[in-house]
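Order of appearance sets the numbers: ligands from 1, and atoms from 1 within every ligand. Note that the structure is a prediction, hence the values are computed from the model and not measured. Residues: numbered from 1 along the sequence shown.
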Amino acid sequence: MTDASFEPLFTARRSVRAYLPHPLPDDLLRQVLVQARRAPSGANLQPGSFIHVRGAVRAALSADLVEAWRDGREAPEDYSYFPKPMPHTLRRRQVAAAQALYGALGVARDDRAGRDAQFERNFRFFGAPVALIVTMPHDMGSGCYMDLGMTLYGLMLAAQGKGLATCAIGALASYPNLIRSHLGLDASSHIVCGMALGYADPDAPVNQTQTTRCDLDEYFKVVG
Ligand SMILES: Cc1cc2nc3c(=O)[nH]c(=O)nc-3n(C[C@H](O)[C@H](O)[C@H](O)COP(=O)(O)O)c2cc1C
């Protein structure tokens, strides 16, 4: 195996927020998950689970999530994703990512309705044929979130290798109780995020979103 075989996977993967309606064969989904689970984890604990939400359950879940969000409902989160307050350097990166997204969509900075319409798509899993909810037992240590993150990236790359596309959806972690009630989960399962998976719509402007990364010097230094 050479660097050349992986390079295209790393560079071609990006978050895809519009999908073709083609269904995904169950077997293909299972293959992606099995490959993702090859990710390493501390003591090989392999923490976290994936729930494939389908049919009427998915429709009802999305409808309730959209309603909660439109109502401006605030709900306690299972875990804190972002630093509060957001430091300036990170805020700049967040703004740049938002500009890349809304720029691709042609949504202006002051177009609240346009931004809201895009945000709402989070709760519909961007129309992807596969909607996953990612969970973690409530009593796991912080390190286990590292392990699960590796599995999530493994899932993204495994999907990419099979001609599929993905988008992680942290926005879903805003309403953990609502999600648990739809999926029949109790409070022992933390809702980590969602994941959209399917075939990218190549013509959707939103899929032209292109993000950058900070310079190596900003996150790497040599000592000694
Ligand atoms: C754990 C996680 C949660 C994310 N949540 C969302 C989300 O809720 N909505 C969204 O549109 N994108 C979400 N993203 C996508 C990020 O915005 C995206 O990864 C980042 O801007 C870099 O762009 P790229 O994935 O295209 O390289 C999430 C990504 C990760 C890894």
Side-chain angles (χ1 to χ4, degrees), residues 6-19 32 36 39 47-51 53 61-62 65-66 68-69 75 77-83 86 89-107 114-128 130-136 140 142 144-161 164-176 178-179 190-198 200-202 204-215 218-219:
F6 286 105
E7 219 265 333
L9 282 185
F10 286 113
T11 51
R13 187 218 59 82
R14 62 173 75 157
S15 294
V16 162
R17 299 179 180 88
Y19 292 84
V32 167
S49 306
F50 296 84
I51 300 173
V53 190
L61 172 63
S62 284
L65 285 167
V66 166
W69 184 73
E77 293 169 326
D78 286 342
Y79 70 103
S80 168
Y81 197 125
F82 294 123
M86 185 81 82
T89 41
L90 299 188
R91 176 78 189 133
R92 271 201 294 276
R93 292 179 195 172
Q94 186 183 35
V95 168
Q99 281 171 345
L101 172 62
Y102 295 116
L105 281 165
V107 170
R115 286 175 172 244
D116 284 356
Q118 175 56 29
F119 198 78
E120 200 169 292
R121 291 186 189 108
N122 280 297
F123 301 119
R124 302 187 195 281
F125 298 86
F126 303 112
V130 171
L132 297 173
I133 294 289
V134 183
T135 68
M136 178 75 106
M140 302 301 271
S142 307
C144 290
Y145 281 80
M146 263 198 296
D147 299 335
L148 182 56
M150 289 191 226
T151 300
L152 291 175
Y153 193 36
L155 190 159
M156 292 173 183
L157 295 179
Q160 188 74 36
L164 299 167
T166 55
C167 187
I169 313 174
L172 294 176
S174 307
Y175 297 108
L178 192 153
I179 294 176
H190 273 183
I191 305 300
V192 179
C193 65
M195 181 74 76
L197 173 69
D201 178 350
V206 71
N207 288 342
Q208 305 312 311
T209 305
Q210 220 157 355
T211 54
T212 57
R213 297 295 184 269
C214 60
D215 291 336
E218 288 188 48
Y219 60 93

Could you tell me the residue and atom name of the protein heavy atom closest to atom 9 (N) of ligand 1, and the distance to it rounded to 0.1 Å? Asn122 OD1, 2.7 Å
Looking at atom 28 (C) of ligand 1, what's its closest protein heavy atom, distance included? Ala168 O, 3.4 Å
Applying a 4.0 Å heavy-atom criterion (strictly less than), which segment of Phe123 is in contact with ligand 1: side chain, backbone, both, or neither? neither
Side chain, backbone, both or neither: Ile169 near ligand 1, heavy atoms under 4.0 Å: both
So do Met140 and His190 actually touch side chain to side chain, heavy atoms under 4.5 Å? no
Mind checking whether Thr135 and Ile191 have side chains closer than 4.5 Å, heavy atoms only? yes
Residue pair Met136 / Pro47, side-chain heavy-atom distance below 4.5 Å: yes
Backbone, side chain, both or neither: what part of Ala171 comes under 4.0 angstrom of ligand 1, heavy atoms only? both
Counting only nitrogen or oxygen atoms and a 3.5 angstrom limit, does Met156 reach ligand 1? no
Determine, using heavy atoms of Arg213 and all atoms of ligand 1, whether some pair is separated by less than 4.0 Å. yes
Check whether any N or O atom of Arg17, backbone or side chain, sits under 3.5 Å from an N or O atom of ligand 1, and answer yes or no. yes
Does the Asn207 side chain pair with the main chain of Val16, one donor and one acceptor, at a distance under 3.5 Å? no
So do the side chains of Phe6 and Leu157 get within less than 4.5 Å of each other, counting heavy atoms only? no
Can Tyr81 be said to touch ligand 1, with heavy atoms closer than 4.0 Å? yes
Which segment of Gln210 sits under 4.0 Å of ligand 1 when only heavy atoms are counted: neither
Check for a donor-acceptor pair, side chain of Thr166 on one end and backbone N or O of Leu197 on the other, with a separation under 3.5 Å. no
Mark yes or no for whether Tyr19, through its side chain, and Phe126, through its backbone, hold a donor-acceptor pair below 3.5 Å. no
Heavy-atom side-chain contact between Asp116 and Trp69 under 4.5 Å: yes
Are Thr89 and Cys214 packed together at the side-chain level, in the sense that at least one heavy-atom pair is separated by less than 4.5 angstrom? no
Under-4.0 Å heavy-atom contact with ligand 1, by part of Phe126 that carries it: side chain
Pick one of side chain, backbone, both or neither for how Arg121 approaches ligand 1, counting any non-hydrogen atom pair under 4.0 Å. neither
Taking only non-hydrogen atoms of Gln118, do any sit less than 4.0 angstrom from ligand 1? no
Verify the contact flag for atom 22 (C) of ligand 1, where contact means a protein heavy atom under 4.0 Å away. yes
At under 4.0 Å between heavy atoms, which part of Cys167 makes contact with ligand 1: side chain, backbone, both or neither? side chain
Closest protein heavy atom (residue, atom, distance) for atom 26 (O) of ligand 1: Ser15 N, 2.9 Å
Ligand 1 and Arg14, any nitrogen or oxygen pair closer than 3.5 angstrom? no
Around atom 5 (N) of ligand 1, find the nearest protein heavy atom and jot down its residue, atom name and distance. Gly170 N, 2.7 Å
Arg13: numbered ligand 1 atoms lying under 4.0 Å from its heavy atoms: 24 (P), 25 (O), 27 (O)
With distance as the sole criterion, is a donor-acceptor pair present between the side chains of Gln94 and Arg91 under 3.5 Å? yes
What residues, two or more places apart in sequence or in another chain, satisfy side-chain contact (heavy atoms from CB on, under 4.5 Å) together with Phe82? Met86
Which class fits the ring pair Tyr81 and Tyr79: parallel under 30°, tilted 30 to 60°, perpendicular over 60°? tilted
Do me a favour and list the nearest non-hydrogen protein atom to atom 20 (C) of ligand 1 with residue, atom name and distance? Thr211 CG2, 4.5 Å
